[in-house]
Amino acid sequence: MKKTQSLKKNSFKLFRFVVVLVGLIGLMGLSGSLFSATVSISTGSVGKDVEALRTYLDMWEKDTGNTARIVTLPASTTDQFGQYKIWLGNKNSDIDVYLLDVIWAPQINQHFIDLSRAFSKEAKEHFPAIIASQTIGKKLVAIPFFTDAPMLYYRKDLLSKYNTKPPKNWEELKSIAKIIQNGERAAGNEKMWGFVFQGNAYEGLTCDALEWINSYGGGSIVDARGQITVNNPSAVKAIDFMATFVGDISPPGVLTYQEEEARGVWQLGNAVFMRNWPYAYSLGNSSDSAVRKKFDVVTLPRGTTPNSKSAATLGGWNLGISEYSKNKEAAISLVKFLAGKKIQKLNAVNLSKLPTLPALYEDKEVLKAAPFFATMKDVLAEAVGRPSGPTQKKYNEVSKEFWTAVHAVLAGDKNAKTSLAELERKLKRVRGRKW
Ligand code: GLC
């Protein structure tokens, strides 16, 4: 009797214990879902960007108990912009954090929250010029993730085989490219080309062509005061000259190449020179690359006019938080994590992305992974900005007219004199009475 009583008592205790345990687990789950958030970040992608971002997000999830989801967009910044405008126009709350091209802040700032208070300390740690480019009025629209300035990639092995050095100007580039291309074709590589770049009709061509005209002393399409300057003899000379590359030292298909297509040809070992952003450096040295350890980078060639120089277009990507996000606090935590030193260093070492924190340019591990970063602070300081500031909300239209005009010359449809004169008239119409 006693035995059954104590058995009953014990099983009741066990039952109570189980009920409490289940309750506790339930509560923990509830509090977890109450206090943890799911944040979506949308990004375009080249190379191993998305893979790397996933590992960073895993780290942040572990630190915070939150969850992060990636929404991947096409590689072309032009296509991304189109999609973003639709989402933002619809006040879409599915995306919390956007990776934003450096040129977009003046055009879409109204859809992003002001980060100046939440990031008052961090903002001082990045290059001031980038913070300035992301500040519209007093609003800090986005926090820098990485910056960008292109280089001329060249095949060390081939240049030394042909006993030559990296070109100083675009005409030298053309003649060296031609000699090596012909030599290598005769030696059996029929697929060899001299130079690959971004010739597709999109924002990337605006970057490349801005470098050409600027390196010839032909300005920057629209100047800092908003004057349309693109129709000038130096710009005409530059664009006409680059058009002679197509089908000669550059494949006819270059007219459809974006960054990744150019890198594809280069990384298979089928180009002597390539214009590309720093991300192609670490990928080019990866174990599956035919050009691993066979190449180096230098600043882009100069023009051949008296006032010529080497010109690199300033690129870069920044993190903004949507006005329509329902998880702003968690999004701020994620942006702090991604833009901070730890991730910027990983991004530099593993993906050769240029940090926006000046101190990392002196970091030993960064310089070991990408020795050319030692020179990049100077390149960045001199880099040419696209006229997204002066043309404000109309930048995308300006850029589109510009890349269309240049593409027509590259395709052989028009000469640069005609095309840039037409462009000037079109840009005047786009501007109207003011930008
Ligand atoms: C790179 C640059 C970006 C530029 C784009 C053009 O991603 O960082 O600023 O707009 O290339 O393709």
Side-chain angles (χ1 to χ4, degrees), residues 42-50 52-53 72-85 98-108 126-127 129-130 133-134 141-151 153 196-212 214 220-221 254-264 274-283 297 300 311-320 339 344 347-348 351-356 373 376 379-380 383-389 391 395-400 402-404 406-407:
S42 100
T43 173
S45 137
V46 286
K48 297 184 179 149
D49 282 8
V50 170
L53 180 61
T72 315
L73 289 171
S76 156
T77 181
T78 302
D79 295 344
Q80 289 168 40
F81 189 63
Q83 180 62 64
Y84 282 4
K85 285 219 334 207
Y98 285 76
L99 196 58
L100 301 174
D101 199 334
V102 67
I103 49 182
W104 293 342
Q107 297 170 84
I108 49 178
H126 297 269
F127 285 121
I130 306 180
S133 76
Q134 300 307 299
V141 181
I143 292 290
F145 185 40
F146 67 91
T147 181
D148 240 353
M151 300 297 283
Y153 287 71
V196 287
F197 59 94
Q198 293 72 42
N200 187 32
Y202 79 122
E203 184 64 28
L205 179 55
T206 289
C207 297
D208 287 44
L210 172 61
E211 283 152 13
W212 305 335
N214 198 270
S220 54
I221 313 169
V254 81
L255 294 175
T256 64
Y257 283 11
Q258 300 188 359
E259 285 78 2
E260 286 291 79
E261 288 78 16
R263 185 173 70 83
M274 169 175 74
R275 181 267 182 212
N276 220 328
W277 307 95
Y279 85 98
Y281 187 87
S282 97
L283 292 163
V297 295
L300 287 166
T313 297
L314 182 66
W317 292 84
N318 307 279
L319 296 155
Q344 289 222 359
N347 243 354
L351 303 179
S352 53
K353 304 261 190 185
L354 295 171
T356 62
F373 276 24
M376 286 314 277
V379 175
L380 286 168
V384 189
R386 281 163 276 175
S388 55
T391 59
Y395 172 73
N396 200 46
E397 251 179 289
V398 169
S399 182
K400 191 168 171 206
F402 178 62
W403 81 57
T404 306
V406 173
H407 196 266

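Counting starts at 1 for both ligands and their atoms, in listed order.
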Among E259, Q198, E203, Q80, closest by heavy atom to atom 12 (O) of ligand 1 is E259
Looking at ligand 1, does any of its N/O atoms fall within less than 3.5 Å of an N/O of T77? no
Per-atom contacts of ligand 1 with G316, taking only distances under 4.0 Å to non-hydrogen atoms: 2 (C), 8 (O), 9 (O)
Near D148 (heavy-atom distance under 4.0 Å), the atoms of ligand 1 are 1 (C), 2 (C), 7 (O), 8 (O)
With a 4.0 Å heavy-atom cut-off (strictly under), which part of R386 contacts ligand 1: side chain, backbone, both or neither? side chain
If you measure every N or O of G315 against every N or O of ligand 1, does any of those distances drop under 3.5 Å? no
Looking at every non-hydrogen atom in both residues, tell me the closest pair between G199 and H407 and how far apart they are. O-CD2, 2.9 Å
Among all protein heavy atoms, pick out the one at the shortest distance from atom 9 (O) of ligand 1; state its residue, atom name and that distance to 0.1 Å. D101 OD1, 2.7 Å
Atoms in ligand 1 with a heavy atom of G204 nearer than 4.0 Å: 6 (C), 12 (O)
Could you check whether Y84 and W104 have their ring centres less than 6.0 Å apart? yes
V297 and M151: which non-hydrogen atoms are nearest, and at how many Å? CB-CB, 3.9 Å
I'd like to check which ligand 1 atoms, numbered from 1 as shown, lie under 4.0 Å from a non-hydrogen atom of Y202. 12 (O)
Scan side-chain atoms only and decide if T356 and Q344 contain a donor-acceptor pair under the 3.5 Å cut-off. yes
Parallel, tilted or perpendicular: ring planes of Y281 versus Y153, cut at 30 and 60 degrees: tilted
Starting from atom 7 (O) of ligand 1, locate the nearest protein heavy atom and write down its residue, its atom name and how far away it is, to 0.1 Å. W317 NE1, 3.0 Å
State whether the side chain of S399 and the backbone N or O of E203 hold a donor-acceptor pair below 3.5 Å, judged by distance alone. no
Got a salt bridge between E260 and R263, using NZ or NE/NH1/NH2 to carboxylate O under 4.0 Å? yes
